[in-house]
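The structure presented is a predicted model; accordingly, all values stated were derived computationally and were not measured. Chain naming here is simple, since letters A, B, ... match the order of the sequence lines and numbering starts at 1 in each.
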There are 2 protein chains.
Amino acid sequence: MVVVKMTEGVEWALHCCLDLAWAGDTPVPAARLAAHHGLPPAYLTKQLQALGRAGIVRSTPGPRGGYLLDRPPHTVTLMDVVAAVDGADPAFRCTEIRAGGPHTTRCAIDTAMARADLAWRRELAARTLADLDADVRRADPDAPAATRARLT
Amino acid sequence: MVVVKMTEGVEWALHCCLDLAWAGDTPVPAARLAAHHGLPPAYLTKQLQALGRAGIVRSTPGPRGGYLLDRPPHTVTLMDVVAAVDGADPAFRCTEIRAGGPHTTRCAIDTAMARADLAWRRELAARTLADLDADVRRADPDAPAATRARLT
DNA sequence: TAAATCTGGATATTTGATGTCCAGGATTCG
DNA sequence: CGAATCCTGGACATCAAATATCCAGATTTA
């Protein structure tokens, strides 16, 4: 019974994006990202591919290949990542059709829910990977370098 | 693949609460509410019971019994209904434990998500059944009376 | 007492997220 | 060139939660 539900995949994707931001221009194989977080590699692959289709991440095949962040961290919002992995479908679509006339007026409940959903998206769109990076450095300045070392 | 997911039950519960507001002090049986919306009666019952446990709705058994809204419409927020039906659990709990020290610092991703969730809840907590009623009357002044007539 | 209605638990069904596997293609290195 | 590494994409299996059904009681009205 969860109100705002996000797939686990979003959490993984966000962590991986931050990891890739720290890894810089060194490709990181999906298997290493998965191992770093203790995740099933075959499933994490799905999220990475979704990020790739969204243009957030880029991949290079072959030895020494792997994934790279394909855009500067300050241009990738959390909403971008969420939309890439979980889709950008409307959150709440009320099925009631107003019976009053020929116009299909939007149900009042639907409107209220859409407004709440918009507030949620706006909040996520206002924060980027660069913001997360800054937050982490504030709490633990060594964490990014340590992660980079473990991944590359 | 839905980002903000709410159970269908929430939609039903909201519609029923509005219906009960319009029905005033005349009890409406669950079966009639279900028929009005074309919903499975046995399942709608569950949502109504949840609303009852939350003190939003009251029930009276026996013939001429049914459900009543138990609080003035302007005191029932959409968040109240959502919490009653879907629970008020934390929306996003990031599993990463910071490795830096003895403190279990909250992960930056978790914090960002919590902020977005809060914005969503705040929006829902800012609107009441009375607001919805006003919206509906603005679009179709006769709808409340018509619904009341069909239900009582 | 008989009919109407709610209560709450047990249980089945369905849907979507989660997880696995594999055949194929691209790239690097020896 | 050949082998190893790595990604791609689809098909499929599993599992948890929402959805849906049913029923044996309890309560109230008439």
query: Which comes earlier along DNA chain C counting from the 5' end, the contact point of A/P61 or that of A/L44, where each point is its nearest nucleotide?
result: A/L44
- prompt: Where each residue is assigned the nucleotide of DNA chain C containing its nearest heavy atom, which of B/A30 and B/K46 is assigned the position nearer the 5′ end?
  reply: B/A30
With a 4.0 Å cut-off on heavy atoms, is [X] in touch with a base, just the backbone sugar-phosphate, or nothing at all?
X: B/R58; result: nothing
X: B/A31; result: nothing
X: B/G66; result: sugar-phosphate
X: B/R32; result: nothing
X: A/G52; result: nothing

Quickly work out the [X] [atom1] to [N] [atom2] distance and round it to whole Å.
X: A/Q49; N: D/dA11; atom1: CD; atom2: P; answer: 14 Å
X: A/R64; N: D/dT5; atom1: CZ; atom2: C1'; answer: 12 Å
X: B/L51; N: C/dG8; atom1: CG; atom2: P; answer: 13 Å
X: B/L48; N: C/dG8; atom1: CG; atom2: C1'; answer: 14 Å
X: B/D86; N: D/dA18; atom1: CG; atom2: P; answer: 7 Å
X: B/L68; N: C/dT5; atom1: CG; atom2: C1'; answer: 13 Å
X: B/L39; N: D/dT21; atom1: CG; atom2: P; answer: 11 Å

message: Can you confirm whether the side chains of B/D131 and B/H74 place a donor and an acceptor under 3.5 Å from each other?
response: no
message: For B/Q47 and A/P63, find the nucleotide of DNA chain D closest to each by heavy atoms; which residue's nucleotide sits nearer the 5' end?
response: A/P63
- request: With DNA chain D as reference, determine whether A/S59 or A/G62 sits nearer its 5' end, using the nearest nucleotide of each.
  value: A/G62
query: Looking only at side-chain N and O atoms, does B/Y43 come under 4.0 Å of OP1 or OP2 in C/dT11?
result: no
query: Would you say C/dG8 has OP1 or OP2 under 4.0 Å from some side-chain N or O of B/R53?
result: yes
- request: Begin from the C-alpha positions of A/D19 and A/T147 and carry the test side-chain hydrogen bond (donor to acceptor under 3.5 Å, both in side chains) through to its verdict.
  value: CA-CA 7 Å; A/D19 290 340; A/T147 300; 5.0 Å; no
message: Nearest to the A/T45 side chain among D/dT8, C/dG8, C/dC6, which nucleotide is it?
response: D/dT8
- prompt: Among D/dT8, C/dT20, C/dC29, which is the nearest nucleotide to the side chain of A/Y67?
  reply: D/dT8
Minimal non-hydrogen separation, B/P27 against B/G66, with atom names: CB-N, 3.7 Å
statement: Minimal heavy-atom distance between B/A116 and A/L124, with the atoms involved, is CB-CD2, 3.6 Å
message: Angle between ring planes, A/H37 versus A/H15, binned at 30° and 60°: parallel, tilted or perpendicular?
response: tilted
